[in-house]
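We count ligands from 1, going down the list as the structure has it; atoms in each ligand are counted the same way.
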Amino acid sequence: MQGASKTALMVCAYRARCSRWERPLFVDRWAEALAGEDGPRYAEGFDRSWPAMEQWMALRVAFLDRLVGITTDRLGVRQVVILGAGYDTRAARLPYAGVRWFEVDHPDTQAAKRERLAALPGYPVDAATYASCDFEREDPIDRLRASGLSAREPTLVIWEGVVPYLTEAAVRATASRLAAGLDPRSLVSFDCVGKNMADGVKLNDQDKQTRQFVGDLAEPVRFGSDHITPLLSECGYRWVRSVSFDDLALQWLGDYKRERLFRFQRMVTCSASVPDAPWL
Ligand SMILES: C[S@@+](CC[C@H](N)C(=O)[O-])C[C@H]1O[C@@H](n2cnc3c(N)ncnc32)[C@H](O)[C@@H]1O
């Protein structure tokens with residue numbers, strides 16, 4: 001990535017659109033203003049490659065919002081970390097009592113976000129603690145501890161829309177540090193694309209265009225996996241659950257459509273210990 005993330009503005013624009021659905025899965029009332037003029041322009045371009053992206057975004061956000069609700073209500077989580085936060089507004093949107101929010105991002109994106117937030121009347125900028133980190137070269141745990149995160153309390157880590165853009169070395173280093181450096185009851189949740197998308201092989205025309213589009217925004221897809229459990233095991237995780245975007249669509253949109261091309265896309269949630277929550 002060179003400079004502040006453009007894909008972060010793009011997905012912010014998609015959140016604004018999803019918030020206008022007749023029956024929205026979530027409402028982000030800040031997204032439209034944060035996305036500015038560039039965000040919708042990138043999203044319109046991306047629509048031409050992958051028309052199902054708006055639905056995909058709605059499902060990803062809804063899945064993670066629900067995870068915040070479950071882990072704070074039922075697992076006693078009082079610290080939520082957003083890794084690669086972009087223009088995430090959960091700290092403002094989901095203000096659970098007693099929950100501390102930490103946003104970690106590449107310094108260029110974080111600076112751009114804070115500039116936009118400062119110009120947004122009424123946004124509770126202090127709802128999150130901000131820490132910068134380049135996952136390709138720096139340790140997020142060091143940054144988080146220096147910002148006041150407790151390693152003795154369970155944490156929910158949301159790593160949304162970031163893993164595909166990292167090298168495998170950075171994914172492994174970051175995942176390993178999270179497993180070793182947080183309270184073992186912590187959970188980490190992220191989205192993962194398939195290996196062919198990352199490698200750029202055996203793709204249909206639509207997938208090729210999608211890959212090309214984000215590459216042209218200076219954020220090439222670098223990491224994907226069809227079976228993430230071995231990597232997570234090597235990084236120190238003991239419990240892994242994943243769900244495909246087809247399954248999320250069936251649950252929340254009420255149907256299955258092969259042409260959405262959701263089947264190789266997954267939400268993965270993992271922990272260094274087995275959660276005391278058989279329903280999770
Ligand atoms: C597609 S955006 C997702 C933003 C946000 N999580 C969301 O879903 O709206 C990708 C994010 O990954 C971050 N990112 C990419 N490479 C990074 C790196 N090497 N270190 C830290 N953050 C990185 C970008 O700064 C950006 O915020």
Arg93 side chain reached by Asp65 side chain, heavy atoms, under 4.5 Å: yes
Identify, by atom number and element, the atoms of ligand 1 in contact range of Gly161, meaning under 4.0 Å from any of its heavy atoms. 1 (C), 2 (S), 3 (C), 10 (C)
Side chains of Val162 and Phe135: closer than 4.5 Å at any heavy-atom pair? yes
Quick note on ligand 1: atoms under 4.0 Å from a heavy atom of Ala8 include exactly 2 (S)
One residue to check: Met10. Relative to ligand 1, which of side chain, backbone, both or neither has a non-hydrogen atom less than 4.0 Å away? neither
If the cut-off is 4.0 Å to any non-hydrogen atom of Leu166, which atoms of ligand 1 fall inside it? 16 (N), 17 (C), 18 (C), 19 (N)
Number the atoms of ligand 1 from 1 as they appear, then name those within less than 4.0 Å of a heavy atom of Thr109, with their elements. 24 (C), 25 (O), 27 (O)
Should Val188 and Leu232 count as side-chain neighbours, where that means a heavy-atom distance under 4.5 Å? no
Tell me whether Trp30 is reachable from Tyr96 by hopping between hydrophobic residues (I, L, V, M, F, W, Y) whose side-chain heavy atoms are closer than 4.5 Å. yes
Close N or O approach (Thr7, ligand 1; < 3.5 Å): no
Common cluster, Trp159/Trp101, ILVMFWY with side-chain heavy-atom separation under 4.5 Å: no
Out of Thr167, Asp134, Leu217, whose heavy atom is nearest to atom 19 (N) of ligand 1? Asp134
Atom 21 (C) of ligand 1: which of Ala112, Gly84, Cys133, Ala170 has the nearest heavy atom? Cys133
Examine the proximity of ligand 1 to Ala85 and report which part, side chain or backbone, both or neither, has a heavy atom under 4.0 Å away. backbone
I'd like to know whether ligand 1 has Arg60 as a neighbour, heavy-atom separation below 4.0 Å. yes
Could you check whether Arg66 makes a cation-pi contact with Trp252, meaning its NZ or CZ is under 6.0 Å from the centre of the six-membered ring and within 45° of the ring axis? no
Short version for Gln110: what comes under 4.0 Å of ligand 1, heavy atoms counted, is neither
Ligand 1 to Glu136, heavy atom cutoff 4.0 Å, flagged ligand atoms 19 (N)
So if I count the atoms of ligand 1 from 1 in the order they appear, which ones are less than 4.0 Å from some heavy atom of Val11? 7 (C), 9 (O)
Face-on cation placement of Arg260 at Phe245 ring, 6.0 Å and 45° thresholds: no
Taking only heavy atoms of Tyr165 into account, list the atoms of ligand 1 that are under 4.0 Å away from them. 1 (C)
Same cluster (ILVMFWY, side-chain, under 4.5 Å), Ile82 and Leu34: yes
Verdict with reasoning, Ser150 to Gln79, per side-chain hydrogen bond (donor to acceptor under 3.5 Å, both in side chains): CA-CA 8 Å; Ser150 166; Gln79 305 183 120; 4.7 Å; no
Note: ligand 1 atoms sitting under 4.0 Å from heavy atoms of Arg15 are 7 (C), 8 (O), 9 (O)
Side-chain contact, heavy-atom cut-off 4.5 Å: Arg266 with Ser244? yes
Do any nitrogen or oxygen atoms of Asp105 lie less than 3.5 angstrom from nitrogen or oxygen atoms of ligand 1? yes
Please say whether Val162 places an N or O atom under 3.5 Å from an N or O atom belonging to ligand 1. no
With a heavy-atom distance limit of 4.0 Å, tell me whether Ala4 approaches ligand 1 through its side chain, its backbone, both, or neither. neither
For ligand 1, does Asp88 get within less than 4.0 Å through its side chain, its backbone, both, or neither, judged by non-hydrogen atoms? neither
State, with a plain yes or no, whether a side-chain heavy atom of Tyr165 is found less than 4.5 Å away from one of Pro220. no
Taking the minimum heavy-atom distance to atom 20 (N) of ligand 1, which of Phe190, Tyr14, Trp159, Phe135 ranks first? Phe135
Nitrogen or oxygen of Glu160 less than 3.5 angstrom from that of ligand 1: yes
For Asp105 and Tyr87, what are the C-alpha separation, side-chain angles and deciding distance, and is it a side-chain hydrogen bond (donor to acceptor under 3.5 Å, both in side chains)? CA-CA 10 Å; Asp105 208 343; Tyr87 299 89; over 6 Å; no
Less than 4.5 Å apart, any side-chain heavy atom of Phe213 and any of Trp50? no
